[in-house]
Amino acid sequence: MQTTTRVAVIGGGVVGASVLYHLTKLGWSDVMLIERSELTSGSTWHAAGGFHTLNGDTNMAALQGYTIRLYKVLEAITGMSCGLHHVGGITLADNRDRFDMLLAERAKHRFMGLETEIVTPDEIARIAPVTNIDGIIGGLYDPLDGHLDPSGTTHAYAKAARMGGATIQTHTMVTETNQRPDGTWDVVTDKGTIHAEHIVNAGGLWAREVGAMAGIYFPLHPMEHQYIVTEEVPMIADIVNAGGEHPHVMDPAGESYLRQEGRGLCIGFYEQRCRPWAVNGTPWTFGHELLPDDFDKIEDSIAFAYKRFPALETAGVKSVIHGPFTFAPDGNPLVGPVPGVRNYWSACGVMAGFSQGGGVGLTLAQWMIEGEPERDVMAMDVARFGDWISPGYTLPKVIENYQKRFSVSYPNEELPAARPNRTTPMYDIFSDMGAVWGQQYGLEVVNYFAQEGEPSFETPSFRRSDAFDATAREVRGVRGGVGINEVHNFGKYRVTGPRARAWLDRIMAGRVPQPGRLSLTPMLSDKGKLIGDFTISCLSAEEFQLTASYGSQNYHFRRFSSHLEDGVHVENISDKRTGFQIAGPKARAVLAACTRTDVSDMKFRDVRRMTVGMTDCIVQRVSYTGDLGYEIYCDPMGQRALWWTLWAAGQPHGMVPFGMRAMMSLRLDKHFGSWMAEFSPDYTAAETGLDRFIDFKKGTDFIGRAAAEAERVRGTTRRLVALAVDADDADVHGYEPIWLDGEVVGFCTSGGYSHHTGTSIAQGFLPRQAVSDGLKVEIEILGQMRPATVTLTPPFDADGARMRG
Ligand SMILES: Cc1cc2nc3c(=O)[nH]c(=O)nc-3n(C[C@H](O)[C@H](O)[C@H](O)COP(=O)(O)OP(=O)(O)OC[C@H]3O[C@@H](n4cnc5c(N)ncnc54)[C@H](O)[C@@H]3O)c2cc1C
């Protein structure tokens with residue numbers, strides 16, 4: 001057996017094989033796959049082999065499109081068959097909300113280059129005749145949908161990898177992974193030890209156990225899953241005899257997917273009475289066996305399927321496939337460098353290996369070889385969960401995800417499982433005040449405060465929700481007086497040491513402020529992509545506080561850790577420093593009333609330490625509401641005291657508590673962008689306008705400088721703009737196409753209703769040369785073309801008089 005390799009990929013399922021192939025494709029040939037049995041010996045061998053592009057996350061959908069298109073390439077490279085059946089597929093909608101979701105998906109597909117189309121019930125009956133269209137209002141047809149042979153496809157990946165120089169070592173069990181001081185790994189197997197520079201965990205059903213060998217907890221869990229293959233069905237036999245093939249049909253109402261199998265049908269279910277498998281760990285003895293048939297748990301689903309697909313009722317059952325496969329808490333894969341563990345990469349939690357395996361392999365290979373993936377992959381980044389993640393959280397979330405696999409996903413939906421999990425000292429006080437909670441990165445965050453007569457649950461919707469009036473009231477409270485909310489959901493980092501300033505100058509593209517001041521700065525990747533949108537506050541010559549997105553903590557901290565140097569210490573203090581934001585024209589009066597420090601001369605972007613009431617705080621004059629405002633940070637132990645101080649001082653000024661719904665409306669008044677909407681690794685600083693915060697004059701060779709300078713010379717082809725939308729009852733949420741002269745020329749990044757100005761506002765990208773103030777375009781919202789106007793000046797406080805005054 002070979003005993004050294006650059007990369008040891010552990011696991012020979014479809015995902016490990018794809019990773020191995022993509023590593024060779026991108027130029028690394030000294031790579032090795034280690035499989036304890038034969039290839040496909042986990043979930044892979046018993047998969048139904050279906051593939052589709054539909055995914056709520058646009059980048060995931062694009063990677064699924066890549067995966068599907070790859071199969072023909074693989075066949076051509078290897079001369080092997082993947083058993084491809086590109087039969088197309090229809091997702092059915094039997095109510096308005098499901099149909100709205102399909103319309104929104106279709107709209108996104110326009111600028112992604114996916115040729116999906118909305119089909120009527122009559123068209124469905126014609127294209128997919130096994131479907132009973134009673135109650136169906138429409139569907140989404142995707143010509144790319146189809147199925148393949150799972151084993152043939154995995155072996156095709158493996159052959160292509162071997163052709164690129166890779167080694168595949170089957171019947172070899174990894175028993176330990178031990179890191180050497182230089183960061184390389186000893187991969188101990190039952191056939192000897194392999195010294196590898198990098199490890200990729202593609203252990204599938206055993207990814208938890210493989211991770212534990214290195215002391216890593218991977219948040220994933222296997223679920224049982226069952227599909228049934230029927231004997232011959234006359235209607236299908238007729239189609240086959242006529243030389244045709246029946247397309248796939250996804251019926252979300254029945255939580256089922258159906259396709260032709262030979263001259264019969266194959267149907268699988270995501271049943272509500274689902275069961276997690278191997279809660280305490282996957283047995284090493286499990287391999288090529290199936291779980292016992294269990295018709296009881298899919299009884300309701302079968303009854304529903306008989307109505308939707310009447311031909312099933314009389315079809316004999318040929319075989320039942322019942323096996324386990326893994327899910328992460330949100331159903332997306334866990335991919336990328338594991339935070340805090342050098343040279344350890346994740347390629348696990350892939351629940352749809354035949355839709356996603358190619359994209360996962362490509363992404364990981366780009367990350368390992370080129371330093372970063374070509375697109376924003378936050379939706380599947382292993383860093384999207386924090387250190388707070390635990391098996392106790394993962395299990396209920398995975399069950400919820402399985403049950404909601406076919407449910408409508410609403411933009412304003414808050415999922416209930418495993419909550420409340422993480423709370424601040426304000427939780428009960430805010431609950432008593434009517435807080436309606438959302439969740440962000442495991443943390444409870446107030447969406448809005450319901451007063452008497454207002455809904456204490458926000459009904460999920462694609463249209464304006466029933467939180468509209470409460471949000472409007474909170475916005476009025478801020479703009480007309482003063483509002484207060486928590487600043488717990490910022491990611492916060494403390495950077496200290498004699499080299500702290502120099503380090504920040506290198507890591508961040510913007511200007512590092514002087515003591516007592518703060519600055520805004522993008523953080524760029526080596527290739528000049530936006531990987532952070534930070535506020536740097538200089539507390540003293542050797543102490544800084546950084547604030548950024550709460551949900552990107554592990555993502556950002558992984559970056560910081562990999563660039564650390566002597567003389568600088570970085571600590572994630574996101575949950576160690578909390579506090580409040582007060583904003584609105586009366587904010588200064590409120591702050592002045594509760595501190596002995598003179599705040600009258602505190603300028604916009606000033607930072608000061610002061611005692612507020614009894615609590616020592618860091619106060620900075622800045623607010624994402626775009627109003628006169630202050631962020632007041634303190635130790636969580638003092639947060640309740642700080643609250644009672646500010647709340648009492650706010651009463652004479654009519655202080656209102658406000659939540660994230662109001663915050664996101666207020667920021668639109670100023671056209672402020674938001675992380676992972678306007679600002680993400682898909683975009684550059686120059687495209688989004690954040691280049692105005694890049695300090696090109698500083699002498700430092702900050703990361704991404706060369707790329708940013710080159711872009712400055714070259715210019716960008718697209719530009720982020722704001723648009724006033726003549727909306728009906730639905731605002732922009734993100735990824736709606738923007739039309740100009742009958743063509744899709746751009747897409748939206750986010751939007752919503754600006755309650756202060758009474759306008760529906762969107763933000764999005766348009767071709768730079770097309771942009772002018774007042775340009776008339778159309779935005780496709782839920783299948784309707786809505787007129788929109790490019791607006792280059794924000795409708796509130798355009799000259800900054802209020803924010804800076
Ligand atoms: C009933 C059913 C139907 C499905 N239908 C579909 C479908 O239609 N479409 C779709 O896209 N997906 C489907 N799936 C899901 C699909 O099977 C998985 O997404 C996919 O197989 C995951 O592949 P993987 O490579 O990540 O993991 P696995 O297939 O589990 O592979 C992991 C491999 O790692 C090896 N391994 C683990 N530990 C070690 C070790 N210590 N040393 C060496 N080797 C090790 C194992 O032996 C195994 O071969 C279905 C799943 C089930 C159960």
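Just so we're clear, the structure is a prediction, and the values are computed from it rather than from any experiment. Atoms within a ligand are numbered from 1 in the order they appear, just like the ligands themselves.
- Tested against Tyr402 for a side chain to side chain donor-acceptor pair (under 3.5 Å), the candidates His225, Glu255, Gln272 yield a single pass: His225.
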Using the rule given for salt bridge (charged side-chain N to carboxylate O under 4.0 Å, His left out), can you reason through Glu75 versus Lys72, listing the C-alpha separation, both sets of side-chain angles and the distance that settles it, and then say yes or no? CA-CA 5 Å; Glu75 289 189 332; Lys72 284 208 170 105; over 6 Å; no
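- For atom 15 (C) of ligand 1, the candidate residues are Trp206, Phe327, Phe325; the nearest heavy-atom contact is made by Phe325.
- Residue contact check: Gly49 has heavy atoms under 4.0 Å from atoms 7 (C), 8 (O) of ligand 1.
- Taking a cutoff of 4.0 Å between a charged side-chain nitrogen and a carboxylate oxygen, Lys397 and Glu400 qualify as a salt bridge.
- Thr177 and Tyr344 form no side-chain donor-acceptor contact under 3.5 Å, judged by distance and modelled atom types alone.
- Residue Phe354 has at least one N or O atom closer than 3.5 Å to an N or O atom of ligand 1.
- Residue contact annotation: Tyr227 has a non-hydrogen atom under 4.0 Å from ligand 1.
- In this structure, atom 30 (O) of ligand 1 lies nearest to the protein heavy atom Ser43 N, 3.0 Å.
- Here the straight-line distance linking atom CD1 of Ile136 with atom CZ of Phe99 works out to 11.0 Å at 0.5 Å rounding.
- In summary, Glu224 and Lys297 engage in a salt bridge, as defined by a charged side-chain N under 4.0 Å from a carboxylate O.
- Shortest contact from atom 42 (N) of ligand 1 to any protein heavy atom: Val174 N, 3.0 Å.
- Protein heavy atom at the shortest distance from atom 5 (N) of ligand 1 is Ala48 N, 2.9 Å.
- Among all non-hydrogen protein atoms, the one lying nearest atom 44 (N) of ligand 1 is Arg36 N, 3.0 Å.
- Going from atom CE of Met60 over to atom CG of Asn332 covers 4.5 Å, rounded to the nearest 0.5 Å.
- For the residue pair His171 / Glu38, a side-chain donor-acceptor distance below 3.5 Å is found, with atom types taken as modelled.
- Looking at ligand 1, you won't find any N or O of Tyr257 less than 3.5 Å from one of its N or O atoms.
- For Trp45, the heavy-atom gap to ligand 1 stays at 4.0 angstrom or more.
- At a heavy-atom cutoff of 4.0 Å, ligand 1 is contacted by no atom of Cys348, backbone or side chain.
- Using a 4.0 Å heavy-atom cutoff, Thr172 is listed among the residues neighbouring ligand 1.
- Counting protein heavy atoms only, atom 9 (N) of ligand 1 is closest to Gly50 O, 2.8 Å.
- The protein heavy-atom contact nearest to atom 31 (O) of ligand 1 is Gly13 CA, 3.5 Å.
- Which parts of ligand 1 touch His46 is read off a 4.0 Å heavy-atom cut-off, strictly below it: atoms 1 (C), 2 (C), 3 (C), 52 (C), 53 (C).
- Around atom 25 (O) of ligand 1, the closest heavy atom drawn from Val320, Ile10, Val15 belongs to Val15.
- The ring of His86 has its center closer than 6.0 angstrom to the ring center of Phe51.
- Side-chain N/O atoms of Arg36 and Ser41 include no donor and acceptor closer than 3.5 Å.
- For the side chain to side chain contact (heavy atoms under 4.5 Å, CB included) with Thr53, the qualifying choice from Leu63, Thr67, Ile68 is Ile68, the only one to do so.
- Aromatic pair Tyr227/His147: ring centres not closer than 6.0 Å.
- Taking all heavy atoms of Thr282, Leu291, Thr44 into account, the minimum distance to atom 21 (O) of ligand 1 is reached by Thr44.
- Protein heavy atom nearest atom 27 (O) of ligand 1, with residue, atom name and distance: Gly204 CA, 3.2 Å.
- Heavy atoms of Met351 found under 4.0 angstrom from ligand 1 belong exclusively to the backbone.
- Atom 35 (C) of ligand 1 has Glu35 OE1, 3.1 Å as its closest protein atom, hydrogens excluded (heavy atom only).
- Considering backbone and side-chain N/O of Thr40, none are found under 3.5 Å from N/O of ligand 1.
- A ring pair (Phe, Tyr, Trp, His ring centres under 6.0 Å) with His22 is found for exactly one of Tyr66, Trp367, Trp28, namely Tyr66.
- Of the N or O atoms in Val210, none lie within a sub-3.5 Å distance of an N or O in ligand 1.
- At least one heavy atom of Gly12 sits closer than 4.0 Å to an atom of ligand 1.
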